Amino acid sequence: MGVKGREPAISLDFVREKNLMQLKKLNIALFPVRYNDKYYSDALAAGEFTKLAYFSDICVGAIACRLEKKEGGSVRVYIMTLGVLAPYRGLGIGTKLLNHVLDFSSKQNISEIYLHVQTNNDEAIDFYKKFGFEITETIQNYYANITPPDCHVLTKFVIQSPTKK
């Protein structure tokens, strides 16, 4: 694919109205769930927390987050989706997407990031655990129309970046 000895370019880009269809097409290819308009408006509203990933200028993955206010006014990040097309897995694209959100959360003084994963999705569970996420809850019958319907909640508490002077 790339020139020998040279890493293929993996780049991240903002999701905005003009490229939102890229995210929609990826989601159809990647996930057994169809996402509604609220998902897409939340993804757009999250700004820097929602990114498309390109491998040699081909859109191959995305992370879409929602920012949620907690009691007391603090904010946490909910990772709605993170996915990479199968032929491009194992190239560091998912890692780059997740690290972007983790790093940006730290810079924004957001200390909690969480997500839901289907209980039988061992590959995803193992992936998130490598980044310090832990299973904090299991919810029965979380998903409609997919088997198994149960999910794990995985949570990571982010250490804040020291303030730069």
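The shown structure was predicted, so the numbers you read here are calculated from the model rather than taken from an experiment. Residues: numbered from 1 along the sequence shown.
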**Student:** With sequence neighbours excluded, what pairs up with Y40 under the ring pair (Phe, Tyr, Trp, His ring centres under 6.0 Å) test?
**Tutor:** none

**Student:** In chain order, what residues pass the side chain to side chain donor-acceptor pair (under 3.5 Å) check against N120, with sequence neighbours excluded?
**Tutor:** none

**Student:** Quick check on D37: does its CG atom have over 12 non-hydrogen neighbours (other residues, nucleotides or ligands) under 6.0 Å away?
**Tutor:** no

**Student:** Give me the atom names and distance for the closest heavy-atom approach of I93 to A53.
**Tutor:** CG2-CB, 3.5 Å

**Student:** Return each pair, listed once, that meets ring pair (Phe, Tyr, Trp, His ring centres under 6.0 Å) where at least one residue sits in residues 17-36; pairs must be two or more places apart or across chains.
**Tutor:** Y35-Y39

**Student:** K70: what forms a side-chain contact (heavy atoms from CB on, under 4.5 Å) with it, not counting sequence neighbours?
**Tutor:** S74, R76, E112

**Student:** Considering residues at least two apart in sequence or located in another chain, which fulfil the side-chain contact (heavy atoms from CB on, under 4.5 Å) criterion with L44?
**Tutor:** V15, E17, L20

**Student:** If hydrophobic clusters are built from ILVMFWY residues whose side chains come within less than 4.5 Å, do M21 and I28 share one?
**Tutor:** no

**Student:** So which heavy atom on G61 is nearest to which on L97, and how close?
**Tutor:** C-CD1, 4.1 Å

**Student:** Could you work out, with side-chain contact (heavy atoms from CB on, under 4.5 Å) as the rule, every residue matching L30, not counting sequence neighbours?
**Tutor:** L26, L85, R89

**Student:** At what distance, to the nearest 0.5 angstrom, does OG1 of T81 lie from CZ of R66?
**Tutor:** 11.0 Å

**Student:** About how many Å separate CD1 of I110 and CZ of F104, when rounded to the nearest 0.5 Å?
**Tutor:** 7.5 Å

**Student:** Check whether any side-chain N or O of N121 sits under 3.5 Å from a backbone N or O of A124 as a donor-acceptor pair, and report yes or no.
**Tutor:** yes

**Student:** Name all pairs fulfilling the salt bridge (Lys or Arg N to Asp or Glu O under 4.0 Å) condition that reach into residues 46-64, sequence neighbours left out, sorted by first residue then second.
**Tutor:** E48-K51

**Student:** Under the side-chain contact (heavy atoms from CB on, under 4.5 Å) test against L154, which residue among L115, I113, I79 passes?
**Tutor:** L115

**Student:** Would you say V77 and L67 make side-chain contact, with heavy atoms under 4.5 Å?
**Tutor:** yes

**Student:** How long is the span from the NZ atom in K25 to the CG atom in L23, to the nearest 0.5 Å?
**Tutor:** 12.0 Å

**Student:** Aromatic rings Y142 and H116: how do their planes relate, parallel, tilted or perpendicular, breaks at 30° and 60°?
**Tutor:** parallel

**Student:** Can you list the residues that meet the side-chain contact (heavy atoms from CB on, under 4.5 Å) rule with F131, with sequence neighbours excluded?
**Tutor:** T95, L98, N99, L102, F127, F133

**Student:** What pairs of residues pass the salt bridge (Lys or Arg N to Asp or Glu O under 4.0 Å) test when at least one of them lies in residues 124-144, not counting sequence neighbours?
**Tutor:** none

**Student:** For the residue pair S106 and V158, what are the closest heavy atoms and their distance?
**Tutor:** CB-CG1, 3.7 Å

**Student:** Give every residue pair that meets the side chain to side chain donor-acceptor pair (under 3.5 Å) criterion with at least one member in residues 143-153, sequence neighbours excluded.
**Tutor:** T138-H152

**Student:** Apply side chain to side chain donor-acceptor pair (under 3.5 Å) to T155 and list each qualifying residue two or more places apart in sequence or on a separate chain.
**Tutor:** T136

**Student:** What's the spacing between L52 CG and F14 CZ if we round to 0.5 Å?
**Tutor:** 11.5 Å

**Student:** Is the shortest side-chain N to carboxylate O distance from K38 to D42 below 4.0 Å?
**Tutor:** yes

